[in-house]
Colleague: 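Can you read through this structure? Questions will come right after.
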Amino acid sequence: MSKISTSTTLSATALALALGTALTLSAGMAVAQDADKEKCYGVALKGKNDCAAGPGTTCAGTAKVDHQGNAWKYVPKGSCEKTASSTSPTGFGQLAAFKEKKS
Amino acid sequence: MSDQRLFTAALLDPDAPCPTGLTTWNGSDLARRFAVYRNNVVVSLIDALADTFPVTLELVGDEFFRAMAGIFVRAAPPTSALLAEYGEGFPAFIERFEPARSVPYLADVARLELLRVRAFHAADAEPLTPEQVARALADPERLPALRATCHPSLGVLRSRYAVVSLWAAHQGIGDLARVDPFLPESALVVRGGLEVQVIALPPGGDVLIAGFANGLMLGDAAALAASAHADFDLTTPLALLLRHGALCSLN
Amino acid sequence: MTIQSLCQPSARGAPTQRTHPDGLPARAGLGLKTQHFTEILATWPDLGFFEIHAENYLVAGGPFHHYLSRIRDRYPLSIHGVGLSIGAEGPLDIAHLDRLAALLDRYEPRSFSEHLAWSTHGGVFFNDLLPLPYDPTTLTRVCDHIDQTQEHLRRRILLENPATYVEFAASTLDEATFITEIVRRTGCGLLLDVNNAHVSGVNHRRNPQAYIAALPLSEVGEIHLAGFDWDRDAAGAPLLIDTHGAAIAAAVWDLYAFALERLGPTPTLIERDNDIPPLPVLLAEARCAERWIGYARRDRLEASA
């Protein structure tokens with residue numbers, strides 16, 4: 001980051017234009033947010049609650065039984081079967097070495 | 001070995017014998033009763049992961065997800081009673097999990113879901129108001145040297161997969177069959193008000209936000225994003241950030 | 001009756017000698033579930049109190065605190081810890097105690113309770129309430145941990161009797177004696193979980209009425225009621241699982257009535273943590289508990305008249 005010199009800084013004019021346009025585009029944001037405030041829980045699609053909070057704690061046991069199994073016996077059988085080209089060669093082989101994309 | 005050490009070793013290892021020193025009134029096989037504890041621990045933790053990673057679960061199905069999560073739970077049980085934080089290591093585990101290789105984007109979808117839960121519980125902060133932005137605009141000469149702070153809930157995921165489109169299709173937004181999972185997308189995750197938003201960032205948007213988060217001045221962060229992407233357009237990411245309350249100050 | 005008036009001391013149940021003036025009202029309450037947040041804010045149901053699990057609210061911000069703050073403004077609050085691991089062999093987690101103290105400072109609940117159980121060992125959290133042997137060594141350790149908790153939180157806590165599936169050969173005391181001794185030594189109060197008394201009674205073939213009668217009932221600050229699931233052990237004997245996932249069973253209502261006869265009107269929580277039904281279903285169970293509390297109050301008044 002220290003390499004950045006003032007010459008690579010965007011001009012004040014370009015910044016003002018972009019920020020001004022952004023402000024116009026996002027206008028009404030505060031109003032929209034206020035209206036949104038109380039509608040969070042229980043209105044999202046069933047089972048796909050937009051406000052999913054992750055797990056909660058419990059002080060209870062469960063009657064659900066974990067059937068210990070070897071996961072390698074299983075193959076993914078979910079909505080991934082609906083996605084295009086899940087067997088595409090482009091997706092393979094690079095997975096293990098995946099790192100965040102550096103642009 | 002302490003009693004509780006023995007007890008916990010048997011909780012997580014289904015092949016371990018039942019701990020000694022336990023009794024039942026009728027002399028029945030203890031393993032059956034001890035299994036209740038074993039089951040409570042493992043099932044409740046698998047359930048916890050299922051709650052945090054619902055789209056990951058849908059992608060591979062219940063049976064596969066629970067088997068995969070069960071292996072993770074036994075290998076990396078929680079270290080804190082705050083279950084909302086459990087599962088940090090799950091995406092990296094998925095990435096190395098051989099049977100999940102046929103769904104190469106699965107780990108990144110899990111990363112996105114982790115960002116959502118984190119954003120949900122992050123600290124509250126007042127977003128930047130239009131008036132504050134207008135004040136900054138009133139003195140354009142100072143703009144390049146201003147610094148923006150991000151909302152505590154903000155997270156960015158750069159992916160080589162179409163994580164946002166995949167996630168959105170599971171919310172009933174768009175058709176999953178039409179999503180090409182191998183088109184790279186970057187996700188902005190932020191909580192505006194009470195709702196966590198997942199937004200696809202335009203090219204360079206991730207660089208711009210990383211610049212803000214690292215304390216770069218506005219002008220420098222914008223220049224960095226422009227040098228990273230030839231077609232970077234500053235207006236679009238700024239409008240997204242303002243609209244979703246993702247920035248908290250501009251000074 | 002409006003909610004505002006319910007929250008006034010005069011509208012609460014006639015105070016009994018047992019109930020601490022700042023404690024929960026002798027009415028029925030519900031566990032606060034996220035599924036019900038908006039409905040509660042829209043309807044403000046007539047309820048004695050809400051109870052939360054402390055650990056769910058040990059997060060920095062967001063909707064949980066947003067809704068809890070609003071609900072806390074209108075109802076008495078009980079905070080129930082599920083992760084302190086009071087029975088652990090290792091030391092208590094001071095960072096966790098600090099977080100709990102901050103939560104209690106923020107929401108000023110009428111009651112804070114924890115469990116006679118352990119859930120953490122060697123830095124791993126097992127997310128279950130695990131059983132303890134009832135022997136002098138364990139008694140000393142549990143009492144030390146309760147002393148430390150009460151000092152750290154600067155308040156009396158209520159300790160909940162557990163539901164268990166196995167017993168320990170090393171136990172030299174029965175559970176009621178063990179709990180009585182804890183209460184005597186630490187001055188903590190008791191959260192009487194009637195469902196746990198029933199579940200453990202069936203699982204270990206003990207008489208749950210005798211068990212309850214042997215507890216230090218004058219120190220009970222709250223009752224829990226919940227549903228369980230049926231299973232069988234290896235010999236085919238009934239093994240009940242404390243799932244909090246079903247309606248309260250008839251046998252538990254009976255045991256509750258037995259307990260109230262001895263306790264008088266007592267704050268009572270309807271606990272449901274799995275398969276959470278619509279709010280009105282839980283409110284109906286709460287009304288049922290309130291009828292029993294009403295009978296107990298009438299009996300007390302008649303006895304004193």
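Residue numbers start from 1 in every chain, and the chains themselves are labelled A, B, ... in the order their sequence lines are given, proteins ahead of strands.
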Colleague: Near C:Arg155 CZ, under 6.0 Å, is it more than 12 heavy atoms from other residues, nucleotides or ligands?
Modeller: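 Result for CZ/C:Arg155: enclosed.
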Colleague: Between C:His96 and chain B, which part of the residue has a heavy atom less than 4.5 Å away: side chain, backbone, both or neither?
Modeller: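 For C:His96, side-chain heavy atoms alone lie under 4.5 Å from chain B.
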Colleague: Picking from C:Ala60, C:Gly122, C:Gly87, which has the most non-hydrogen pairs under 4.5 angstrom with chain B?
Modeller: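 Highest number of heavy-atom pairs under 4.5 Å: C:Ala60.
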Colleague: What residue in C:Ala235, C:Pro133, C:Ala237, C:Ala95 has the most heavy-atom pairs under 4.5 Å with chain B?
Modeller: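 Result: the option with the highest number of such pairs is C:Ala235.
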Colleague: Identify which of B:Pro77, B:Ala35, B:Ala123, B:Pro78 forms the greatest number of heavy-atom pairs closer than 4.5 Å to chain C.
Modeller: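 Top option by heavy-atom pairs under 4.5 Å: B:Pro78.
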Colleague: So, for B:Phe7 and C:His121, is the gap between ring centers shorter than 6.0 Å?
Modeller: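 B:Phe7 vs C:His121: aromatic centres not under 6.0 Å.
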Colleague: Charged N to carboxylate O below 4.0 Å: is that the case for C:Glu167 and B:Arg33?
Modeller: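 No, no charged N to carboxylate O under 4.0 Å.
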Colleague: Could you tell me which portion of C:Thr164 (side chain, backbone, both or neither) has an atom closer than 4.5 angstrom to a non-hydrogen atom of chain B?
Modeller: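 Both the backbone and the side chain of C:Thr164 come within 4.5 Å of chain B.
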Colleague: If you count heavy-atom pairs under 4.5 Å with chain C, which of B:Asp47, B:Val73, B:Val42, B:Asn26 comes out on top?
Modeller: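 It is B:Asn26.
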Colleague: Which value, rounded to the nearest 0.5 Å, describes the distance between C:Leu103 atom CG and C:Ile79 atom CD1?
Modeller: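 Those atoms lie 4.0 Å apart.
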Colleague: Heavy-atom cut-off 4.5 Å, strictly under: side chain, backbone, both or neither for C:Asn203 against chain B?
Modeller: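 For C:Asn203, the contact with chain B is made by backbone and side chain together.
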Colleague: Which label fits C:His80 and C:His53: parallel for a plane angle under 30°, tilted from 30 to 60°, or perpendicular past 60°?
Modeller: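 Ring orientation, 0 to 90° scale: tilted.
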Colleague: Between B:Ser44 and chain C, with a heavy-atom cut-off of 4.5 Å, which part of the residue counts as in contact: side chain, backbone, both or neither?
Modeller: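 Both parts, heavy atoms under 4.5 Å.
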Colleague: Does any heavy atom of chain B fall under 4.5 Å from the side chain of C:Ala88, the backbone, both, or neither of them?
Modeller: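 Backbone plus side chain of C:Ala88, per the 4.5 Å heavy-atom cut-off to chain B.
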Colleague: Check whether any side-chain heavy atom of B:Leu241 sits under 4.5 Å from a side-chain heavy atom of B:Phe212, and report yes or no.
Modeller: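 When only atoms from C-beta onward are counted, B:Phe212 and B:Leu241 do touch, with a gap below 4.5 Å.
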Colleague: With a 4.5 angstrom heavy-atom cut-off, which part of C:Leu58 approaches chain B: side chain, backbone, both or neither?
Modeller: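 Contact with chain B involves both backbone and side-chain atoms of C:Leu58.
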Colleague: Chain B heavy atoms under 4.5 Å from C:Arg206: which part of the residue, side chain, backbone, both or neither?
Modeller: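 It is neither, since no heavy atom gets under 4.5 Å.
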Colleague: Run the salt-bridge test on C:Arg141 and C:Asp144 with the 4.0 Å N-O cut-off and return the result as yes or no.
Modeller: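 Salt bridge between C:Arg141 and C:Asp144, a charged N being under 4.0 Å from a carboxylate O: no.
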Colleague: I need the residue from B:His121, B:Arg191, B:Arg32 with the largest number of non-hydrogen atom pairs under 4.5 Å to chain C.
Modeller: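 Among B:His121, B:Arg191, B:Arg32, the one with the most close pairs to chain C is B:His121.
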Colleague: Where does C:Leu132 contact chain B at under 4.5 Å (heavy atoms): side chain, backbone, both or neither?
Modeller: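 Looking at C:Leu132, just its side chain touches chain B.
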Colleague: Both conditions, 6.0 Å and 45 degrees, for the charged tip of C:Arg72 above the ring of C:Tyr107: are they met here?
Modeller: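 No; the conditions do not both hold, so C:Arg72 does not lie above the ring face of C:Tyr107.
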Colleague: Output the option from C:Asn127, C:Val124, C:Thr120 having the highest count of non-hydrogen pairs under 4.5 Å with chain B.
Modeller: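 Highest number of heavy-atom pairs under 4.5 Å: C:Asn127.
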Colleague: Tell me, for B:Leu22 versus chain C, whether the close heavy atoms (under 4.5 Å) come from the side chain, the backbone, both or neither.
Modeller: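 Both backbone and side chain.
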Colleague: Take the angle between the ring planes of C:Tyr67 and C:Phe37 and call it parallel below 30°, perpendicular above 60°, tilted in between.
Modeller: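 Taking C:Phe37 first and then C:Tyr67, their aromatic rings lie parallel (interplane angle under 30°).
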